[in-house]
Amino acid sequence: MDTTQLLKGVLDLAVLAVVSTEDGYGYDVVRRLRSAGLSDVGDASVYGTLRRLYTAGALTSYVAPSDEGPHRKYYGINPRGRALLSEQSVTWSAFADTMNGLLTSAAPTREVTR
Amino acid sequence: MNAPVAHPQVTAFVAAVRANLDDLSRDEVDELTDGLEADLADAVADSGATPADLFGDPAAYAAELRSAAGLPPRAAPGGERHGAGPQFRQTVRTALDGVRAQPWWPAVRDFVVTLRPVWWVLRASIAALGLAVLFGTGSFLLFLVFAVVSVELGRRRLAHRNAGWRTAIAMGNGLAVFGLLVAGLALSGPSLFVPWESGSTDPVYSGPAYGENGIWVDGTEVRNIFPYDNQGRPLTDVQLYDENGRPIAAGDSARQPLQDEQGRDHYQVPAVDNSGQQRWNVYPLRQRVDADLGSGTPSPGVPQAATPPTVAPGALIVPSPAPSSPPSASPTGAASASPSSTLSPSATSTPSPTASRAG
C-alpha cells in the first residue's frame, strides 16, 4: 500500500508531534520524521505543512542567521498548536482503533501487518 | 548540525522553485521559500546526491510545496492574475531570480542581511534628524527612543510575518530612504540651501560662483563705482586697476540694462579711449535710458552722468605719508590698457550699445 496517500491525512499531526518535542527547522523536521519510521515523507510536503501550520497560528517561527550560508527558519509549537495536537491525537487514536478493530474482525485468520 | 553551507546548485534550484510560484503574491512566495535554501543544502549534504537527483523537477517540487501549504495550484500561464501589471511583476521576478541564481548571491545577501541592525539604527537617526529639521527641536534622547522602537520593529518583523506590520514598516522604510536622499543632497550641495543673499559672511557661499566675473561686495554684484577725491568731491573718468594691473571692469550682468517701472531700459555706457576701445573700468559708468513708448522701436537716449548714491557722501581723507605705488605689471603693457591713455569724452562718442540695439 502506498503510504504517501496515508501520510497526507496525518502529516499535520506528525509534524505537530515532532515540533512539540523540540523546535526545529524544515530539514530537521524531515529527518526526525524519517528516523521515526515515516521514510516516504516528502520534504516539500513537510515544508509546505510547516508553513501552513504557521499561517494557521499553530506554530511560531524565527530565523537563525548563519555566518557562512543561508539562514535557517525554525518552527516551534505554541498553545494553539498544542491544543490542535491533543485534539488531533484523540481523533487519530479513535480512527486507528476503529481501523484495527475492523481489520482484526475482517481477517481473523490472516496475520495483520503494520 | 553544522551551519548550512551555500550550494550554487541548491541556490539555482530554489530560484527555479520560486519562478514556479510566481503567480502567488510576493509575501506568499517569501513565506514558502524562506529558509528553504538551508533545508535543501542540508538535505544535499546529508545524502551526497545532486540537487537534481534529490529533488527532481522544480515545477513538481513547487507544486508539492504549495499543495502542502494549502495554496491553490499554479494558475495556467497567461491566465488571469491578481494585482496590477502582471507583465511587469513577471519581468522583475525573472530578473530577481536570475540574480539569486548567481554563485555570488548568497554571500552578498548574507552580508547585507548582517547589516540589518545598522539599518535599523540608521533609520531611527533619520527619523530623529527629520523631526529636528522640521520642528527645530531634537535631542539625543529622542534618537535613543527611536532607535529602540526601530530595532524592536525590525526584530518583530523577523519573527512575525504579519502583512499589516510589513506594509507599515515598508512605508516607514520608504520614508527613511527619502529622508536619506534629501540629507544626501543637502550635504553634497550646500549652495542649494544657502542662498547668496542670506547675509552669511562665509566667503565660500556668500560670494559669486567660481568663474563669475564682475565686482562683488557682500554677495551682490556692483553695477557702478563712484570715486571721490580727498576733499570729498566726486571724480569722473577714474580708471581702476587691481594690484596686478588688470582693469577692474564691470561684469557681464552690470553691462545688461535694468528695466524700470515704465518699461524703459537703463543702460550703462562704457568710456571709450583714444584707440576706440570700450573701457568698462572707467568710473562712474554713464547711464543711458532708452525710452520704449510702445512703438516697438526704442529711441536711444543720450548718455548722462550717473547720479551718485545719496547714501555715500565722499569723506575728507587725511593724506597718507607714504602712498602705495601703483602696480608696475600691466599698465605699461598694452597702450589701450594703460592708465595714461587719454579718454575721449563719452558724451560726444557714439555709444556702441546703440548700434547693437538698433539691429
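Every chain is numbered from 1 and lettered A, B, ... according to where its sequence line falls, protein lines coming before strand lines.
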Checking heavy atoms, do the side chain of [X], its backbone, both or neither come under 4.5 Å from chain A?
X: B:R109; result: side chain
X: B:F111; result: neither
X: B:L71; result: neither

Task: Qualifying residue for side-chain contact (heavy atoms from CB on, under 4.5 Å) with A:D43, from B:L40, B:L65, B:D42, B:D39 - done: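 When B:L40, B:L65, B:D42, B:D39 are each tested with A:D43, the side-chain contact (heavy atoms from CB on, under 4.5 Å) holds only for B:L40.
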Closest approach of [X] and [Y], non-hydrogen atoms and distance?
X: A:A44; Y: B:E64; answer: CB-CD, 3.7 Å
X: B:A38; Y: A:R72; answer: CB-CG, 3.7 Å
X: A:R51; Y: B:T33; answer: NE-N, 4.2 Å
X: B:A68; Y: A:S45; answer: CB-O, 3.2 Å

Task: Pairwise side-chain contact, A:R31 with B:D46, heavy-atom cut-off 4.5 Å (strictly under) - done: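 Yes, at least one pair of side-chain atoms sits under 4.5 Å.
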Open item on the list: Quick one about B:D110 and A:H71 (side-chain donor to acceptor, distance below 3.5 Å, no hydrogens or angles considered), yes or no?
Closed with: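 No, no side-chain donor-acceptor contact under 3.5 Å.
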TODO: Against chain A, work out which of B:A43, B:A62, B:A63 has the most heavy-atom pairs shorter than 4.5 Å and name it.
DONE: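 Highest number of heavy-atom pairs under 4.5 Å: B:A43.
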TODO: Inspect the surroundings of CZ in A:R80 and state if more than 12 heavy atoms from other residues, nucleotides or ligands are less than 6.0 Å away.
DONE: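 No, the 6.0 Å shell around CZ holds no more than 12 heavy atoms from other groups.
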